[in-house]
Amino acid sequence: MASITFKNIRKVYPGGVVAVEDFNLEITDGEFVVLVGPSGCGKSTTLRMIAGLEAITGGELYLGERLINTVAPKDRDISMVFQNYALYPHLTVFDNMAFGLKLRKIPKKIIREKVEEVAEILDLRELLQRKPKALSGGQRQRVALGRAIVRDPAAFLLDEPLSNLDAKLRTQMRAEITKLHYKLGATFVYVTHDQTEAMTMGDRLVVMRDGFIQQVDTPQRLYEEPANLFVAGFIGSPQMNTFDAVLTKSEHGVSAVFDGGQLPLPPRLLADGALDSYIGKSVILGVRPESFCLEDQLPEVCGMIDAGVELSELVGAEVYLYVKAGDTQLIATLPTRARANPGARVRLAVDCEKLYIFDKETEARIS
């Protein structure tokens, strides 16, 4: 196994299109790192540069201590699992998994032992003589994983491997890949645009936008301490409510006033003085949907918002309440008993200890 180190990596396509810029990252040996972001942010390009399928325009890429910028893909000791499985339709499961080993002239006995060992791990033993067309989507994906595992590579690269599966199978395969990582103890680099997938799988997430890294951290810290407005809106489902507000100071303290109400800022948000220069100015206020609660569940520091219900969505044990306060659109995640019909008026409490405040120009989080 090996670490992967990016030093000022840059990728520019013909015509001057910049796909990745100033990419610096250290992936430690055995870590599961997820590159996540919207389509076109550069995450798949970054993965393909590790694999050697894209030439690096600038910077240095290391696998362990070895500089691999110009090393051929076949010599990088890396296995890649693609979105479309990339199985050979005319070969059996066994032969698909053994293909790379046969190219390396590994003895037949060792190939059989390796394939059968991996087939046991992935619950494929009964399928070894089938061809891909006789397999389900989840089984094909397991075969693609098996083909990568038998090579015993220094690192595994996975490019949106679950995007072609239905929702139930995606959830199952998510768990399978996570368990597989624990079992193998290998370095995994995983690309997805699905933030739920990223949050449940990665040791660390690399959030990308327009070719740049926005933030690198554990899933929990990304959720609780987003560096900027983009990360705050991208991580979390439903996404964070964000809207314009003005910070005002009175004898009762500092409040964030917006079209539809105002929320008091708790002492914790004001303690470091970071907001002092923003008093009287416009900022962007962030409230996660789960930071709302009903009036009978008041948190210690709270504000109240009167709003009209526009839509109520029942999602199992919760209800998503889409409301409007003045011109401010909000979504609240509440217990099912809070379900209300469109047109109804509701009074919602906000846990103000969990407010986020962003600079309107830079979009960086202030507090």
message: Assess the residue pair Asp77 and Arg151 against the criterion (salt bridge (charged side-chain N to carboxylate O under 4.0 Å, His left out)); give the C-alpha distance rounded to whole Å, side-chain angles, the decisive distance to 0.1 Å, and a yes or no.
response: CA-CA 8 Å; Asp77 193 20; Arg151 289 183 52 203; 5.0 Å; no
Residues [X] and [Y]: side-chain donor-acceptor under 3.5 angstrom:
X	Y	answer
Thr45	Lys11	no
Thr5	Glu26	yes
Ser44	Asp159	yes
Tyr322	Gln329	no
Glu60	Asn69	no

Can you check whether [Y]'s main-chain N or O pairs, donor with acceptor, with [X]'s side chain at less than 3.5 Å?
X	Y	answer
Glu225	Leu222	no
Ser79	Ala148	yes
Gln215	Ala227	yes
Lys43	Pro38	yes
Arg142	Met173	no
Asn96	Leu91	yes
Thr57	Val12	yes
Thr242	Gly286	no
Ser136	Gln139	yes
Arg204	Asp217	no

query: salt bridge (charged side-chain N to carboxylate O under 4.0 Å, His left out) between Lys360 and Asp244: does it pass, once the steps are laid out?
result: CA-CA 8 Å; Lys360 199 165 183 181; Asp244 290 347; 3.1 Å; yes
Would you mind checking if [Y] and [X] are paired as a salt bridge, meaning a charged N to carboxylate O distance below 4.0 Å?
X	Y	answer
Glu353	Arg268	yes
Asp22	Arg10	no
Glu197	Arg174	no
Asp359	Arg365	no
Glu224	Arg221	no

Where [X] and [Y] come nearest, the two heavy atoms and their spacing:
X	Y	answer
Gly52	Pro73	O-CG, 3.4 Å
Tyr190	Met201	CE1-CE, 3.7 Å
Gln262	Val257	OE1-CG2, 3.7 Å
Thr333	Pro238	OG1-CD, 4.0 Å
Val81	Pro161	CG1-CB, 4.2 Å
Thr196	Ser237	OG1-CB, 4.5 Å

statement: The residue among Val350, Leu321, Val323 that forms side chain to side chain contact (heavy atoms under 4.5 Å, CB included) with Leu330 is Val323
- request: Check Val34, Val36, Leu205 against Met199 for a side chain to side chain contact (heavy atoms under 4.5 Å, CB included) and give me the one that passes.
  value: Leu205
query: How are the rings of Tyr356 and Phe358 set to each other: parallel, tilted or perpendicular (split at 30° and 60°)?
result: parallel
Mutual orientation of the aromatic rings belonging to Phe188 and His181 [parallel < 30°, tilted 30-60°, perpendicular > 60°]: perpendicular
field: CD on Glu21 to CD1 on Ile213, rounded to 0.5 Å
entry: 11.5 Å
- prompt: Is there a side-chain contact between Lys102 and Ile111 (heavy atoms, below 4.5 Å)?
  reply: yes
- request: Would you check if Ile357 and Tyr278 make a side-chain contact, meaning some heavy-atom pair closer than 4.5 Å?
  value: no
message: Please check if the number of heavy atoms outside Lys281 that lie under 6.0 Å from its NZ is greater than 12.
response: no
- request: Is it possible for you to say whether Ile121 and Phe32 belong to one hydrophobic cluster, with membership spreading through side-chain heavy-atom contacts below 4.5 Å?
  value: yes
